[in-house]
**Q** 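Just dropping this structure here.
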Amino acid sequence: MAKDYSKLAQQIVDLVGVDNIESVTHCQTRLRFVVKNRKQIDDKKIENLDLVKGVFFGSGQYQVIIGTGLVNDVYAAIDKLGTVNAIYGKDDVDTTDNDDNSNKTKLQRFMAMLSGIFIPIIPVIAATGLFLGLQSAFTNAQVLKLFGAVPSDIPANVNTVISVLTGTVFSFLPALIVWSTFRYFKGTPIIGIVIGLMLVSPSLPNAYDVAGGSAKAIMLFGHIPVIGSQGSVLTALVAGFIGAKMENYFHKHVPNVLDQIITPFLTMLLTFGIMILGVGPIVHWIENLMVAGVEGVIDLPFGIGGFLIGAAYPLMVLVGIHQMMIAIETSLLAATHLNPLIVLEAMYGFANVGVALAMIMRTKSKKAKATFVGAFSSQLFGVSEPTLFGILIRYNFRPLIVTVLTSGFGAAILSIFKVAANSYGLAVVPSYLMYIYDARDLIIYTIVSLLTVVVAFVATNMFAIPKEILVADTKDKDPIQDNTVYAPIDGQTADLKTVNDPVFSSGMMGEGIAIKPNATGKINIYAPQSGKLNVVAETGHAYGLTTDSGIEILVHIGIDTVSLNGKGFTTAVKMNQEVVKGDLLGTFDPKVIQDKGLDDTVMVIITNSKDYFRIESEPDETISNGSALIALQQQTETSQTPLATQG
């Protein structure tokens with residue numbers, strides 16, 4: 001039976017804010033929200049949700065990291081709620097606008113475009129690389145010698161059949177790219193395929209043959225050289241963009257009765273004509289310069305270029321511009337059938353494995369270990385986001401620095417040995433399949449990748465273990481602990497379920513109780529327990545503290561009072577300050593709150609309620625500041641069912 005993720009979906013949507021969400025989509029590992037106000041989202045509350053590995057804001061989106069596979073189920077649950085604009089996979093949504101491009105920079109929009117175009121064709125390129133690797137391995141003279149055979153013993157017709165598996169994708173790569181580009185820009189994909197096939201038609205001189213001198217270009221009108229576009233990724237991108245935009249224009253301006261025939265006719269004719277009559281050769285020349293530039297960086301002496309690429313790649317992933325590399329890798333593969341760039345980028349994943357493994361070995365926190373194990377498992381198969389956001393930048397930046405430097409170190413060695421893959425799309429453990437075509441490269445890649453893991457593991461242990469994970473969870477240190485939380489103000493208690501705010505009344509923030517103030521004039525708010533303040537809202541409407549025994553308490557003054565921007569509130573404490581029960585935290589004026597039509601009810605919440613076996617409080621009672629308000633009993637090893645009651 002499929003697991004129900006509706007509760008988690010509702011919690012995430014409520015914490016991000018139903019009214020704050022403009023749209024939501026997802027990728028392989030994370031939910032991606034386009035929000036109106038990023039500042040109103042409490043990252044810590046979302047990170048504390050079960051199954052959430054971390055949060056990050058980048059590329060104009062608020063991203064909640066869930067994990068491979070699971071993110072699809074959580075997204076489906078959000079879509080089913082029907083309360084926000086869920087747009088992933090809906091064909092009627094314009095993919096060029098669905099990420100709220102108005103909030104993105106031009107570079108971010110360009111990265112999103114490259115991702116949308118190239119990701120759909122990654123699987124077939126990765127599969128072709130595997131075909132090539134297997135072909136090289138099983139037709140190798142040394143391998144055949146084990147069976148008493150030589151390469152010439154393989155029948156020609158067998159080699160021909162194998163060449164279909166290994167050569168089709170690269171022979172017709174421009175057609176795939178034009179198709180994907182049409183799809184991205186909402187053109188008709190079948191028209192894109194036909195235009196792409198025209199660019200590599202066997203009737204045109206093959207670009208490779210012309211470059212090698214075995215064929216000559218067709219001289220159209222005696223002056224314009226015409227050749228095929230084999231190996232030109234940029235030409236296919238430009239053709240797809242021009243064709244899709246042209247088709248959309250014709251759809252709007254051609255009469256409906258003629259649209260089905262005239263629009264494809266004009267789109268194919270004009271796009272092919274534009275590309276053949278000058279644009280294609282110019283774009284191909286630009287692409288060759290770009291490829292030569294990348295190869296020049298990779299070939300810098302002493303591994304300098306490799307280090308720069310390997311060290312920069314983790315940072316590119318962090319800010320979301322790494323998709324640009326896919327286009328460059330595709331051009332390299334199309335031009336040379338080899339991909340030295342992915343080799344250098346791949347060390348990022350192995351460095352992450354070493355960092356995550358060190359964290360797993362050293363942590364004493366069960367909750368942290370569960371996060372690290374999940375990140376480590378995902379990273380083994382090339383999914384880096386849980387490690388990046390759940391480890392590298394969650395505690396401090398030292399683990400990220402270790403990854404950057406060790407990734408650069410491994411990439412530098414590989415660039416010195418000029419190791420190259422024969423495809424892309426595979427990372428960490430599966431990545432070895434990209435090198436089975438060449439025993440030398442496979443051996444070097446294996447040694448360097450494992451060395452990168454070891455160096456990252458040692459460096460993390462020496463310099464990058466955060467102190468937080470070296471402390472056992474509170475319930476591990478003291479399995480039975482009775483505690484009391486005290487009233488921060490005078491007033492009348494009320495059941496939390498009656499509060500007019502679903503975030504509190506539903507219990508998603510934790511169990512607790514509400515207090516209706518009964519005083520007039522300014523009201524003092526006192527510390528409900530002794531501990532360290534980890535929340536002091538700039539607007540003065542909320543305070544959070546963690547006690548020495550591990551109780552996490554939130555005192556929230558009013559509902560939607562953050563909108564007052566501090567009017568009517570004063571604070572007497574600072575973030576990370578140690579306070580004693582009864583210390584003054586600040587003041588608030590209920591009249592200012594009420595004059596704005598807002599509710600001045602004060603909520604006292606135990607935000608880590610799941611750590612307790614029993615939470616008790618009494619509604620409908622008159623209480624005074626400093627009197628017992630909430631009683632807690634921590635989980636014990638023998639507790640069977642968590643129980644939280646009020647009343």
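Numbering starts at 1 and runs along the sequence shown.
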**Q** What are the two closest non-hydrogen atoms of Ile559 and Met603, and how far apart are they?
**A**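 Heavy atoms only, the tightest pair is CG1-CE, 4.0 Å.
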**Q** Just checking, any donor-acceptor pair under 3.5 angstrom between side chains of Thr403 and Asn352?
**A**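 The answer is yes; a qualifying pair exists.
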**Q** Examine distances only and state if a side-chain atom of Ser609 and a backbone atom of Glu511 form a donor-acceptor pair shorter than 3.5 Å.
**A**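 Between the backbone of Glu511 and the side chain of Ser609 there is a qualifying donor-acceptor contact (under 3.5 Å).
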**Q** Could you go step by step and tell me if Val71 and Ile65 meet the side chain to side chain contact (heavy atoms under 4.5 Å, CB included) rule?
**A** CA-CA 8 Å; Val71 69; Ile65 296 85; over 6 Å; no
**Q** Within the distance-only criterion (no hydrogens, no angle test), does the side chain of Ser627 pair as donor or acceptor with the backbone N or O of Ile623 below 3.5 angstrom?
**A**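 Answer holds: no.
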**Q** Could you tell me whether Lys36 and Asp19 have a side-chain N and a carboxylate O separated by less than 4.0 Å?
**A**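 No, Lys36 and Asp19 are not salt-bridged.
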**Q** Roughly how far, to the nearest 0.5 Å, is CD of Gln492 from CD1 of Ile515?
**A**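 Here the rounded value is 10.5 Å.
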**Q** Not counting sequence neighbours, which residues clear side chain to side chain contact (heavy atoms under 4.5 Å, CB included) with Gln40? List them please.
**A**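 For Gln40 the side chain to side chain contact (heavy atoms under 4.5 Å, CB included) partners, ignoring immediate neighbours, are Asn20, Asn37.
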**Q** A side-chain contact here means heavy atoms from C-beta on lying under 4.5 Å apart; do Leu629 and Pro488 qualify?
**A**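 They are in contact (side-chain heavy atoms under 4.5 Å apart), so the answer is yes.
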**Q** Would you confirm whether Thr460, through its side chain, and Ala456, through its main-chain N or O, come within 3.5 Å as a donor-acceptor pair?
**A**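 Confirmed, Thr460 side chain pairs with Ala456 backbone.
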**Q** Test side chain to side chain contact (heavy atoms under 4.5 Å, CB included) on Val24 and Tyr75 and set out the steps.
**A** CA-CA 9 Å; Val24 57; Tyr75 179 84; 4.2 Å; yes
**Q** Could you grab the distance from atom CD of Gln379 to atom OH of Tyr348, nearest 0.5 Å is fine?
**A**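 If I round to the nearest 0.5 Å, the distance is 6.0 Å.
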**Q** Does one side chain, of Thr546 or Glu552, offer a donor that lies under 3.5 Å from an acceptor on the other?
**A**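 Result is no, nothing qualifies.
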**Q** Could you check whether any side-chain N or O of Thr601 sits under 3.5 Å from a backbone N or O of Gly558, counting only pairs where one atom can act as donor and the other as acceptor?
**A**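 Side chain of Thr601 to backbone of Gly558, a donor-acceptor pair under 3.5 Å: no, none is there.
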**Q** Taking it one step at a time, do Leu51 and Val74 satisfy side chain to side chain contact (heavy atoms under 4.5 Å, CB included)?
**A** CA-CA 10 Å; Leu51 304 180; Val74 177; 5.5 Å; no
**Q** Using a strict 4.0 Å threshold on nitrogen-to-oxygen distance, state whether Glu616 and Arg614 make a salt bridge.
**A**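 Here Glu616 pairs with Arg614 in a salt bridge, since their nearest N and O are under 4.0 Å apart.
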**Q** Are the side chains of Phe376 and Thr387 in contact, using a 4.5 Å heavy-atom criterion?
**A**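 No, their side chains stay 4.5 Å or more apart.
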**Q** If you measure from OG1 on Thr493 to CD1 on Ile513, what distance do you get to the nearest 0.5 Å?
**A**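 Answer for the OG1-CD1 pair, Thr493 versus Ile513, is 4.5 Å.
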**Q** Measuring from atom CE of Met361 to atom CZ of Phe457, what distance do you get when rounded to the nearest 0.5 angstrom?
**A**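 The CZ atom of Phe457 is 5.0 Å from CE of Met361, to the nearest 0.5 Å.
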**Q** Distance-only, no hydrogens or angles: does the Thr498 side chain make a donor-acceptor pair with backbone N or O of Asp495 under 3.5 Å?
**A**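 Yes, Thr498 side chain to Asp495 backbone: donor-acceptor pair under 3.5 Å.
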**Q** Does the Thr406 side chain pair with the main chain of Ala351, one donor and one acceptor, at a distance under 3.5 Å?
**A**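 The answer is no, because no donor-acceptor pair under 3.5 Å joins these two groups.
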**Q** Between Asn524 and Thr587, do the side chains contain an N or O donor and an N or O acceptor separated by less than 3.5 Å?
**A**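 No donor-acceptor contact under 3.5 Å links the two side chains.
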**Q** Could you check whether any side-chain heavy atom of Asp548 comes within less than 4.5 Å of a side-chain heavy atom of Ser530, counting everything from C-beta outward?
**A**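 Result no, sub-4.5 Å side-chain heavy-atom pair not found.
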**Q** Have Asp600 and Gln594 got a donor and an acceptor in their side chains that come within less than 3.5 Å?
**A**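 A donor-acceptor contact under 3.5 Å links the two side chains.
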**Q** Under the 3.5 angstrom rule, does the side chain of Arg398 hit a backbone N or O of Phe463 as a donor-acceptor pair?
**A**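 Looks like yes, one N/O pair under 3.5 Å.
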**Q** Please give me the minimum heavy-atom distance between Pro528 and Leu585, naming the atom from each residue.
**A**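 That closest heavy-atom pairing would be CD-CD1, 4.4 Å.
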**Q** Please assess Leu554 against Val604 for the test side chain to side chain contact (heavy atoms under 4.5 Å, CB included), listing each intermediate value before the final yes or no.
**A** CA-CA 6 Å; Leu554 173 68; Val604 181; over 6 Å; no
**Q** Among residues two or more places apart or on two chains, list those pairs meeting ring-ring contact (aromatic ring centres under 6.0 Å, His included) that have a residue in residues 485-531.
**A**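 Only Phe504-His556 qualify under ring-ring contact (aromatic ring centres under 6.0 Å, His included).
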**Q** Once rounded to the nearest 0.5 Å, what's the spacing between atom CZ of Phe588 and atom CD1 of Ile557?
**A**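 Rounded to the nearest 0.5 Å, the CZ-CD1 separation comes to 5.5 Å.
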**Q** Quiz question: by atom type and distance under 3.5 Å, do the side chains of Thr547 and Ser549 form a donor-acceptor pair?
**A**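 Yes, because at least one side-chain N or O of Thr547 sits under 3.5 Å from a partner of the opposite role on Ser549.
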**Q** Do the non-hydrogen side-chain atoms of Ile606 and Ile551 ever get within less than 4.5 Å of each other?
**A**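 Yes; the side chains approach each other to less than 4.5 Å.
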**Q** Heavy atoms only: give me the nearest Ala9-Ile78 pair and the separation to one decimal.
**A**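 That closest heavy-atom pairing would be CB-CG1, 3.5 Å.
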**Q** Quick check on side-chain contact (heavy atoms from CB on, under 4.5 Å): which of Leu496, Ile630, Val555, Ile553 does Ile605 satisfy it with?
**A**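 Per the side-chain contact (heavy atoms from CB on, under 4.5 Å) rule, the option paired with Ile605 is Leu496, out of Leu496, Ile630, Val555, Ile553.
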**Q** With the side chain counted from C-beta on, respond yes when Phe613 and Leu632 share a heavy-atom pair under 4.5 Å apart, and no when they do not.
**A**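 Not touching, per the 4.5 Å side-chain cut-off.
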**Q** So, do Ile593 and Phe569 sit near enough that their side-chain heavy atoms are less than 4.5 Å apart?
**A**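 Heavy-atom side-chain distance check passes, below 4.5 Å.
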**Q** Indicate the atoms forming the closest heavy-atom contact of Ile469 with Ala368, along with that distance.
**A**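 Heavy atoms only, the tightest pair is CG2-CB, 4.4 Å.
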**Q** So do Ile525 and Leu584 actually touch side chain to side chain, heavy atoms under 4.5 Å?
**A**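 No, their side chains stay 4.5 Å or more apart.
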**Q** Can you measure from NZ (Lys369) to CZ (Arg362) and round to the nearest 0.5 angstrom?
**A**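 So the gap between those two atoms works out to 12.0 Å.
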**Q** For Ile41 and Leu15, which heavy atoms make the closest approach, and how far apart are they?
**A**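 Looking at all heavy atoms of both residues, the closest pair is CG2-O, 4.1 Å.
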**Q** With a 4.5 Å cut-off on side-chain heavy atoms, are Leu564 and His541 touching?
**A**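 Of all side-chain heavy-atom pairs linking Leu564 with His541, none is under 4.5 Å.
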**Q** Can you pull the salt bridge (charged side-chain N to carboxylate O under 4.0 Å, His left out) pairs that have at least one residue in residues 586-598, sequence neighbours excluded?
**A**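 Checked against salt bridge (charged side-chain N to carboxylate O under 4.0 Å, His left out) - neighbours excluded - the pairs reaching residues 586-598 are Lys591-Asp595.
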**Q** Under 4.0 Å between a Lys/Arg side-chain N and an Asp/Glu carboxylate O for Lys516 and Asp599?
**A**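 Salt bridge: yes.
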**Q** Surrounding CD of Gln577 (heavy atoms of other residues, nucleotides or ligands, distance under 6.0 Å), is the total greater than 12?
**A**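 Yes.
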**Q** State, to 0.1 Å, how close Leu31 and Phe33 come at their nearest heavy-atom pair, and which atoms those are.
**A**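 Minimum heavy-atom separation between Leu31 and Phe33: CB-CE1, 3.8 Å.
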**Q** Using modelled atom types and a 3.5 Å cut-off, is there a donor and acceptor pairing between side-chain atoms of Asn48 and backbone atoms of Lys44?
**A**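 Confirmed, Asn48 side chain pairs with Lys44 backbone.
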**Q** For Asp583, look at atom CG and say whether over 12 heavy atoms of other residues, nucleotides or ligands are found less than 6.0 Å away.
**A**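 Counting other residues, nucleotides and ligands, CG of Asp583 exceeds 12 neighbours.
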**Q** Are a donor atom and an acceptor atom from the side chains of Asp43 and Tyr62 found within less than 3.5 Å of each other?
**A**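 A pair is found: one side chain offers a donor N or O, the other an acceptor, under 3.5 Å apart.
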